[in-house]
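Just so it is clear, the structure is predicted and the values come from calculations on it, not from any experiment.
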Amino acid sequence: MNPAPPTPTVLIVGGPDVDARIELMSRLRPEFNCIAAGSAPDLAQRFETAGFAYHAYPLNRGVAPAADLRSVYRLWRLCRTLRPQIVHTFDPKPSVWGRLAARAAGVPIIIGTLPGLGSLYARDSAITRLVRTIYQPLQTWACRSSQLTIFQNSADERQFIAAGVVAERASMVMPGSGVAINIFDRAAISDEALAGARASLGIRPGELVVTMISRVIRSKGVPEFVGAARLLRARYPHLRFVLIGATDEESLDRLSPAELAELRQSLTWPGPRRDIAALLAITDLFALPSAYREGIPRVLMEAAAMALPIVTTDSPGCNEVVEDETNGLLVPAHDTGALVRAITRLVEQPDLRQRFGRASRARAVERFDLALIAQQTRSIYRELLARGAPAPVAPA
């Protein structure tokens with residue numbers, strides 16, 4: 001009797017939020033032995049609790065050549081030590097250094113997922129243009145060093161194919177990272193969790209909660225959300241605007257001290273939170289006025305799964321989750337007035353909020369269920385392993 005073949009090892013490489021992949025990793029085992037590498041040392045306990053090994057490596061999110069070389073070296077050493085059959089990277093910068101390190105270490109199969117193009121492609125300032133001239137050739141090199149690049153919306157894929165960054169035959173679109181619809185379900189949230197979430201934010205009876213979850217940077221639409229809160233709270237005293245998320249001091253797109261001070265005065269801002277499902281469950285309306293080049297924003301998929309009406313921008317990724325006038329309203333980016341009008345309409349029409357919310361849940365179940373994403377990922381791994389590590393594909 002022939003022994004069973006060894007379980008293929010998959011090294012998942014991400015940044016400070018690589019723990020967002022734990023649910024995906026859980027669904028890939030036992031067929032694949034998944035190990036994670038991320039840039040936050042304090043994530044080790046979360047992975048250990050979930051039954052996965054975790055390795056921290058240094059990652060500077062700015063322009064820092066010396067730090068970047070350290071990232072590549074540490075990832076190369078990790079690949080040489082673990083000898084994974086597959087390295088699968090997530091996020092723009094880890095997908096550069098992780099894929100190049102894996103190629104140098106001789107990893108047979110290398111995959112990069114780009115969940116959006118980020119603020120470098122959302123803004124057109126002199127600084128971002130300069131950084132793009134450095135970043136895009138590196139991303140091209142990384143794409144040519146791997147068998148497959150996965151995008152989360154077709155607009156991003158088309159842009160990178162047209163620019164010669166990736167070959168069409170070595171790219172594909174997968175609709176987001178998926179959402180655990182069994183967890184992000186109002187029926188799954190206990191009364192105690194709901195009461196705790198309300199108490200922690202000081203939500204009073206009768207208040208209508210408008211929530212945004214995001215890194216606190218300009219291109220995510222935070223200034224527009226603050227502006228809408230300032231205008232609408234004067235008109236509707238029962239509205240409570242809540243922003244969940246941390247500042248990002250390394251971002252070129254960070255808010256100024258004056259903008260942060262105005263934010264604190266205009267809305268409730270408790271910073272980052274882990275109890276996202278409970279916070280969404282006490283929300284009446286979700287808003288994400290982002291101009292950031294999203295893949296498909298995880299928070300929009302989570303809000304949709306939680307049966308919320310959504311106001312977001314008509315931009316790549318965001319308009320994959322929200323169909324205008326079906327499960328929410330689409331507004332132009334950088335347009336506070338349009339955001340105010342959309343929120344006002346939903347505040348004044350509770351029946352419309354309920355209809356949009358039902359449609360959001362149905363859309364999440366049909367398109368963004370993590371089980372579907374895990375099955376697609378599993379099929380990709382199987383196919384590439386069966387091919388016997390085909391050579392990377394460069395643009396024609």
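Ionic pairing of K220 and D253 is not present here: no N-O contact between side-chain nitrogen and carboxylate oxygen is shorter than 4.0 angstrom.
Grouping Ile, Leu, Val, Met, Phe, Trp and Tyr residues whose side-chain heavy atoms lie under 4.5 Å apart, directly or via other members, leaves L372 alone, with no other cluster members.
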Validation: residues 227-237 side-chain donor-acceptor distances under 3.5 Å, sequence neighbours left out:
from : atom 1 : to   : atom 2 : distance (Å)
R230 : NH1    : E262 : OE2    : 2.4
R233 : NH1    : S266 : O      : 2.9
Y236 : OH     : E348 : OE2    : 2.3

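Within the structure, ring-ring contact (aromatic ring centres under 6.0 Å, His included) pairs that include any residue of residues 260-281 do not occur (at least two apart or interchain). Listed by first and then second residue, the side-chain hydrogen bond (donor to acceptor under 3.5 Å, both in side chains) pairs that reach into residues 12-28 are D19-R46, D19-R274, R21-S177, sequence neighbours excluded. Residue pairs satisfying the salt bridge (Lys or Arg N to Asp or Glu O under 4.0 Å) criterion with at least one member in residues 170-186, sequence neighbours excluded, are listed as follows: D185-R361.
Not a single side chain to side chain donor-acceptor pair (under 3.5 Å) links T81 to another residue, sequence neighbours left out. In this view, R382 and E31 satisfy the salt bridge (Lys or Arg N to Asp or Glu O under 4.0 Å) rule, not counting sequence neighbours. Remark: Y57 pairs with no residue by the side chain to side chain donor-acceptor pair (under 3.5 Å) rule, at least two apart or across chains. Annotation: salt bridge (Lys or Arg N to Asp or Glu O under 4.0 Å) contacts of R345 (sequence neighbours excluded): E325. Judged as a side chain to side chain donor-acceptor pair (under 3.5 Å), and not counting sequence neighbours, the contacts of T283 are T211. For the salt bridge (Lys or Arg N to Asp or Glu O under 4.0 Å) test, no residue two or more places apart in sequence or in another chain qualifies with E48. Every residue meeting the salt bridge (Lys or Arg N to Asp or Glu O under 4.0 Å) condition with R240, not counting sequence neighbours, appears here in chain and number order: E207.
Residues S379 and Q375 bring a donor and an acceptor atom of their side chains to less than 3.5 Å of each other.
Results of the side-chain contact (heavy atoms from CB on, under 4.5 Å) test with R254 over E259, R218, E249 single out E249 as the only residue that passes.
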